[in-house]
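Notes for the one structure printed next.
Residue numbers start from 1 in every chain, and the chains themselves are labelled A, B, ... in the order their sequence lines are given, proteins ahead of strands.
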Amino acid sequence: MTLPQVPILPILPELILTLFGIAVMLFDPFTAKPHKSWLSSLAFIGVLAALAGNVLLLAAEGEYYNGMIIVDSFSVFFNFLFLIIAGLSILASRQYLVREGVNHSEYYGLLLFATVGMCFMGGANELIMIFIGLEITSISTYVLAGFRRTDLKSNEAAIKYFLLGSFATAFLLYGIALMYGATHTTHLSQISSALLTGRIDLRLVLAGTALMMVGFSFKVATAPFQIWTPDVYEGAPIPVTGWMSVGPKAAGFAAFLRVFFVALPALDQKWFWVLWVSSVLTMTIGNTAAMLQSNIKRMLAYSSIAHAGYILVAFAALTPNGIASIMFYLLAYSVMNLGAFAVISAWSLSGERRVTIDEFAGLGYRQPWLAAAFTVFLLGLTGIPLTAGFTGKFFMFRAAINSKLYWLTIIALLNSAASLYYYLRPTIAMYMREPGESGRTSAPQDSAPLQISMATKVVIAVSVLAVFYLGLFPSTILDFAQSSAFLVH
Amino acid sequence: MEFIDSHILTILILMPVAGAMFLALLDPGKHEAIRRTALVVALLTFVFSLHLVIHFVPHEAGFQFEENSPWVPAFGMNYHLGIDGISLWLVLLTTFLTSVSVLASWKGIEKRVKEFFIFILLLEAGMVGVFASLDLFLFYVFWEVMLVPMYFLIGIWGHGRRIYAAVKFIIYTAVGSAFMLVAILSLYFLNAHATGAPTFDFTTILDNIVNGRLVIEPRIQVWLFLAFFLSFAIKVPLFPLHTWLPDAHTEAPTAGSVLLAGVLLKMGTYGLLRFNIQLFPDATQTFTPLIVALAIIGIIYGALVAMVQPDLKRLVAYSSVSHLGFVVLGIFVFNIQGVEGAVYQMLNHGISTGALFLIVGMIYERRHTREISEFGGLATPMPVLATIFLIITLSSIGLPLLNGFVGEFLILVGTFGAAVARAKLYCTLAASGVILGAVYMLWMYQRVIFGEVTHDVNKTLPDLSAREKWVLVPMVVMALWMGIYPQFFLRKMDASVSKLLNAPRVMMVRK
């Protein structure tokens, strides 16, 4: 008897991650408590192996499994992105989990499974597949958000995210159902050709499009579906917040882009204005609210909303250049944000204390290198030149101007200038005020010397280098993104 | 030597950066070593910049010492550097004032010494980059990135309201640059659509405009002009966009004020000269009357407000508004005297106002106050300072044989002969600014230096130390040199200024 020939190469990264995820959880009961960090190393090796597997994908472009999965440079790019995010997040979590007393291997397992889901979202060529990927990611994320089981805020974050997230997923699913009802297919390119025939019920398609848009907007946290973000980001454990603000968001955008550009280009004039308005609302709400925050996690939560707004500017450009610039920006934003959260995690004290902006006072002189790195990340998020944030924004706004979106770009740039106000606040606390000048007396244990683990240092160093690399020499990554963006369009 | 010849501008940009990186590795406690290293780096950069003066070919109008290599080829971004007779002197001014600023910060900066000099050197790299960039994208990069060191210089080492001033400074400028970025991108696509070759290269785009390959409709020119103009006018600062300046200047540490007034403000006028009037001649024609009016309002308003300031540093800050009004006026009269006067006045202002801020800083270090009413009769305890202060005051007023005279005179001559309506009225109004300048400066000088010593603490103030003399004497030498032998400087800018004015499109404006 011969088994049917099923190629495993197209989903090699996903397979590797799944195997390692299972292995991590299987080995957990047999590992003594002091040796648990071995499991995080195992998870990290899994990510490296998946990265190697992803390289092999470059040579295997095409559609697989009856067109459910597509391997193209778009999906390979996003796989790289998700794996880099996963790798950095694993390293950034090690010290934190031990400190908070929640060093359970499920954490790494869930992180790997979530990454599997994200990879499926990037490589899905069909709506059901996207839905499955999204659910794998979301369910893992719900659990991760509540990983500090004994902490009320963490529980609140998980429940909130779970309830609202399920609701949004339902919208997406309903949208998919309507789309299937109208076009009799869930395959993206078949939907596109069905729309071109004109023999379909446009009302159903529009309703389906709108519902899917609600689902995606929730996942990437754009207005008016961003309400959940601040509470969830504030309550979730710091490394999880960092990971959530970049990973699932990037995966959401990957699927969002693919669905709208492959399946629904025929309707682009209909959803263009929705994007336009949503973009303005998202940027402005995010930036305005960020100015009022005193908790740094909450501030970065609103900032992440604002960044989704900038991404929509390039989305609304409706061009391959726009897509390429979004891909580049997601990478740039990921390294900056992960780096920033790694610094926050290193500076905070057990029980997630010392996370208000004022409490960063003195960091500048007690830990000059840590503070310098944090400054680099904040300036990058603002979009100051020579950093990844600037080149990323520049490419996005370039695409927008190319599509003659002058007002949208001006609004985005003014938002960006206004965002200086809150991104600079930690630098004011770190460098410009003496410790205690803000009227706060620091508790004795606060002045104990910081212990920063090697893994955290590596994350911060790699992020700083990446921020400058993408800011100074963007060509390599940009060219790759450009070549993949044309495939989508 | 060959390598230096072909990469001198990159060297000038990277040398301070390398110096800053080296400083970062030093032990933060070793203040003396840090100061010395910073001074050596700054002086070395200055010495290298002299290479530009020596090897600059005076009669060549184009850009020299060019370096051009692709940066992001997909989008036509280049690392294109080069200087002409205008930017040559601004680069020199930058390296000169940076060296002076480092030396001037020896005693005044006692906390976070290492970080201070790191930021000064990074600032220098950014400033040289702005003047040397010939690619619009590269220009924007330097333009923005140099805000960061200045923000920290004001915010960390400034005085009482430093944080407010620093944030106001950076947000004000960033808002202006936002519009400039949109304009740069729009210009890029206009050029790309007209010629089919996307590029941010300034010289290429300018060539296309001059040769008529790229024709921008006047209606669009107006928008692009305004976007660039807003960004530059904030930097200059032109009335009524000047409100960030008194705060930033007053709160900044001495070295910060010197570089802010001496170099950063010139970026605005340089931008107007380099980009606005060359790229958008039709719009320039439309807006010239408005800008001339704003410049003259700035001259008189700045002088009047300076007159009533009780704070020495604020007085000097407002005098900058007035002086920079002259520069803008000179640019927008479109004749060789006016524009050369404007460029010369940019350099003068860097020297005179830089020196004024240094002197105010030295007085402040001794008394920890800048209130004019706290002083009086300083000539008795500090004769050397009083003498140098007098020379600099006179140079700021524009006394013949000192540098200020040459610039102001050229600008007034240019305005008088300008081909615009009511030129003589403008000239008269601007000349009244010169008189007002003499009033507030001499009155201030008299209240601070002459008369009896009114406060006992002032009786024992020490006169200038050897280091302080080393700071101020070069400034005085420059003031005299530029006043007595301006031809040395003007000769090298003649060709570039004529080329700028004789470009066929700019000629149109002049008629």
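In this structure, the portions of A:N402 lying under 4.5 Å from any heavy atom of chain B include both its backbone and its side chain. With a threshold of 4.5 angstrom between heavy atoms, B:V141 approaches chain A through its backbone and through its side chain. The contact between A:I401 and chain B is made by backbone and side chain atoms together, counting heavy-atom distances below 4.5 Å. Proximity to chain B (any heavy atom under 4.5 Å) is shown, for A:I428, by both the backbone and the side chain. Interface remark: B:F137 contributes side-chain atoms only to the contact with chain A (heavy atom separation under 4.5 Å). Both the backbone and the side chain of B:Y151 come within contact range of chain A, with heavy atoms under 4.5 Å apart. Proximity to chain B (any heavy atom under 4.5 Å) is shown, for A:T387, by neither the backbone nor the side chain. When heavy atoms are compared at a cutoff of 4.5 Å, B:V148 approaches chain A solely by way of its side chain, counted from C-beta outward. Contact annotation for B:P70: neither backbone nor side-chain heavy atoms come within less than 4.5 Å of a heavy atom of chain A. Residue contact with chain A, scored on non-hydrogen atoms closer than 4.5 Å, involves the side chain of B:F179 exclusively. If you measure heavy-atom distances from B:W223 to chain A, you find no contacts under 4.5 Å at all.
Residues A:F394 and B:F200 place their aromatic rings such that the two centres sit under 6.0 Å apart.
The shortest non-hydrogen separation linking A:L420 to B:A174 is CD1-CB, 3.4 Å.
Side-chain contact between B:V145 and A:F390 is absent, with no heavy-atom pair separated by less than 4.5 Å. Residues A:S475 and B:W71 fail the side-chain proximity criterion, which asks for heavy atoms closer than 4.5 Å.
In this structure, CD1 on A:I384 lies 5.5 Å from CD1 on B:I170, to the nearest 0.5 angstrom. With values rounded to the nearest 0.5 angstrom, B:I156 atom CD1 is found 9.5 Å from A:M430 atom CE. Put simply, CZ on B:F142 and CG on A:L386 are 7.5 Å apart, with the number rounded to the nearest 0.5 Å. Expressed to the nearest 0.5 Å, how far CD of B:E144 lies from CG of A:L379 amounts to 11.0 Å. For the atom pair CD1 of B:I154 and CE of A:M432, the computed distance is 9.0 Å after rounding to the nearest 0.5 Å.
Summarising the local packing, CZ of B:F22 is surrounded by 12 or fewer heavy atoms from other residues, nucleotides or ligands at distances under 6.0 Å. The neighbour count for A:Y421 OH, taken as heavy atoms of other residues, nucleotides or ligands under 6.0 Å away, does not exceed 12. Atom CE of A:M291 has more than 12 heavy atoms from other residues, nucleotides or ligands within 6.0 Å.
Among B:V167, B:L181, B:I184, the residue with the largest count of heavy-atom pairs under 4.5 Å with chain A is B:L181.
Counting only N and O atoms by type, the side chains of A:Y431 and B:R112 include no donor and acceptor under 3.5 Å apart.
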